[in-house]
Number of protein chains: 2
Amino acid sequence: MARWLTVGAAQLGGIARAETRAQVVDRLLALLHQAHAMGVELVVYPELALTTFFPRWFMTDQAEIDAFFERTMPGPATQRLFDEAARLKIGFCLGYAELVADAEGEGGRTRRYNTAILVDRAGTIVGRYRKIHLPGHAEHEPWRRFQHLEKRYFDVPEPGNEGGFKVWRAFDGLLGLCICNDRRWPETYRVMGLQGVEMVLLGYNTPVHNPPAPEHDTLSLFHNHLSMQAGAYQNGTWVVGVAKCGIEEGCEMIGGSAIIAPSGEIVAQCATQGDELAVARCDLDRCASYKTTTFNFAVHRQPQHYTLITDRKGAVPPD
Amino acid sequence: MARWLTVGAAQLGGIARAETRAQVVDRLLALLHQAHAMGVELVVYPELALTTFFPRWFMTDQAEIDAFFERTMPGPATQRLFDEAARLKIGFCLGYAELVADAEGEGGRTRRYNTAILVDRAGTIVGRYRKIHLPGHAEHEPWRRFQHLEKRYFDVPEPGNEGGFKVWRAFDGLLGLCICNDRRWPETYRVMGLQGVEMVLLGYNTPVHNPPAPEHDTLSLFHNHLSMQAGAYQNGTWVVGVAKCGIEEGCEMIGGSAIIAPSGEIVAQCATQGDELAVARCDLDRCASYKTTTFNFAVHRQPQHYTLITDRKGAVPPD
């Protein structure tokens, strides 16, 4: 048996702050057309793929901040992408900053999320994920060479409703979404693994330099792959990780976009720091080789011994 | 600041079924003396280090099975190891099969565990761990070239009492134990990470050939390192993984014993398939570089989104 899904990791180089959404969508369309030529059925774009990575700047003017957010999806700038992808019968995953005015079930407050959507081959949004593990900090830290203010500009979604690590039936498989820093947390993959996920799609913007821990800088690409490969193997799932990379407004970001098999092996990888497509023909049925043996959860997991994972947030050493 | 702990991964080659415990302890002592010559303060021996890996055989005679178990620790065969280690002021971690007659708090039943102990530099047992993730199967499966009957011969410990992933204050740090298959499960490291663990000690017996999934055989060494490196990085802890390896009673087992830094990097590794010592001088204070930044759990974890991890044992796909 085999369920083939040909996937493209559509890596992006840097997006300048002055670059318009129309210019960025032109780049997304160029990658879409390359993907079409290679028989790709699902294209994965990075996190916050429509603009520069704006959390690197401390801003106080809410209008200036909100200019980086989308109020509708598709919207004026992205309708072209939806239309062309539907015409070519290519699904896609796209990351963007989402502004939800009068958010239902959240007291009518305006919410801002770091969001990814899954769009099927007909151009319909079939899944929406709002980033849970927001990295960085909430207050201005002028000593940093650049800021990482995701905790300031984005909300963490509440569980339930549209919040949480979900898995959707799409593309003849079980697909899940997460974003950037989520990929470093084994809980991310496990919650989706417990829903039988067969392919996790994720985009990232990861600076090479981590101001609070510069001693990790030389390892940033290693940590990126290590986390995704372990998540794939330990849950028997494909993982497609896609970077926005290269030099962006003076900040160097890692590339290393990769398509990873349920074995944990990297089967396709970008080798530049710019716009580039890596493609793999993925058999979703290969997941079963892990899900029914070493990682047969129903047979081998021991959740009665895992209670600290949900009972405790921070680490507490023993007395 | 630095808290140095010089650790030795004391890998063992195969142990024949006919080999006596006295012969094995001679080998453990030889490694102990090598360790002493290299300034090692803590030696880590493999899982079930006193006998051949007996779950590879289907046995029905309980006396034959119980002959592989220890009823006391130290016992007649292991007292020499305790005495010599204490004389040299070297602590150690040792895996063995533990028989507990009339187990307290368990209804007076006889229990059999796959156990590891942590012994301090004075020769006192300061920690005991009983394996939670027992791999393999409980019934005879004659189609296999060899059995893996851990689910038949061992009990899973109940939570509480002496059961569970614990962390002990020892060797001027926070040390945890797990065993073999535990290392493939991110929950193992996370439960200890939530107790601030700074070094995880583990032994393993891992056949190269996995009868239910022979397609994984060429990846067994990769999966071994991938799991331990991810567990180290994602919890900011040292991991010391030690194999019993080589050809044992016709069954080939992986080596690859490794000492892994909180960065996920392998800093020392065995390169044979036999008795061999790999040594590293480990700074327990290096953990803080991860525990206070990327993996500052109190700041970044979102346990309200992890509830499936404890609510659910097996995977359940969405409707």
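Because the structure is a prediction, the values reported are computed rather than measured. So you know, we letter chains A, B, ... as the sequences are listed, proteins then strands, and number each from 1.
Of the atoms belonging to B:Tyr306, heavy atoms from both backbone and side chain fall under 4.5 Å from chain A. Looking at A:Ser263, the atoms closer than 4.5 Å to chain B (heavy atoms on both sides) sit in the backbone and in the side chain alike. Neither the backbone nor the side chain of A:Thr292 comes within less than 4.5 Å of any heavy atom in chain B. For chain A, the nearby part of B:Leu174 is the side chain; its heavy atoms alone come within less than 4.5 Å. Contacts of B:Ser227 with chain A are made by both backbone and side-chain atoms, with heavy-atom separations under 4.5 Å. Only the backbone of A:Pro135 comes within contact range of chain B, judged by heavy atoms closer than 4.5 Å. If you measure heavy-atom distances from B:Leu219 to chain A, the contacts under 4.5 Å come from the side chain alone.
Considering OG1 of A:Thr188 and CD of B:Gln302, their distance stands at 10.0 Å, rounded to 0.5 Å.
Considering only heavy atoms from C-beta on, B:Glu215 comes within 4.5 Å of A:Ser289 through its side chain. You'll find the side chain of B:Tyr233 stays beyond 4.5 Å of the side chain of A:Phe222, heavy atoms only. Side-chain contact between B:Asn210 and A:Thr294 is present, with at least one heavy-atom pair separated by less than 4.5 Å.
Of the listed residues (A:His133, A:Lys313, A:Lys151), just one forms a side chain to side chain donor-acceptor pair (under 3.5 Å) with B:His300, and that residue is A:Lys151.
Formation of a donor-acceptor pair under 3.5 Å by the A:His223 side chain with backbone atoms of B:Gly264 is not found in this model.
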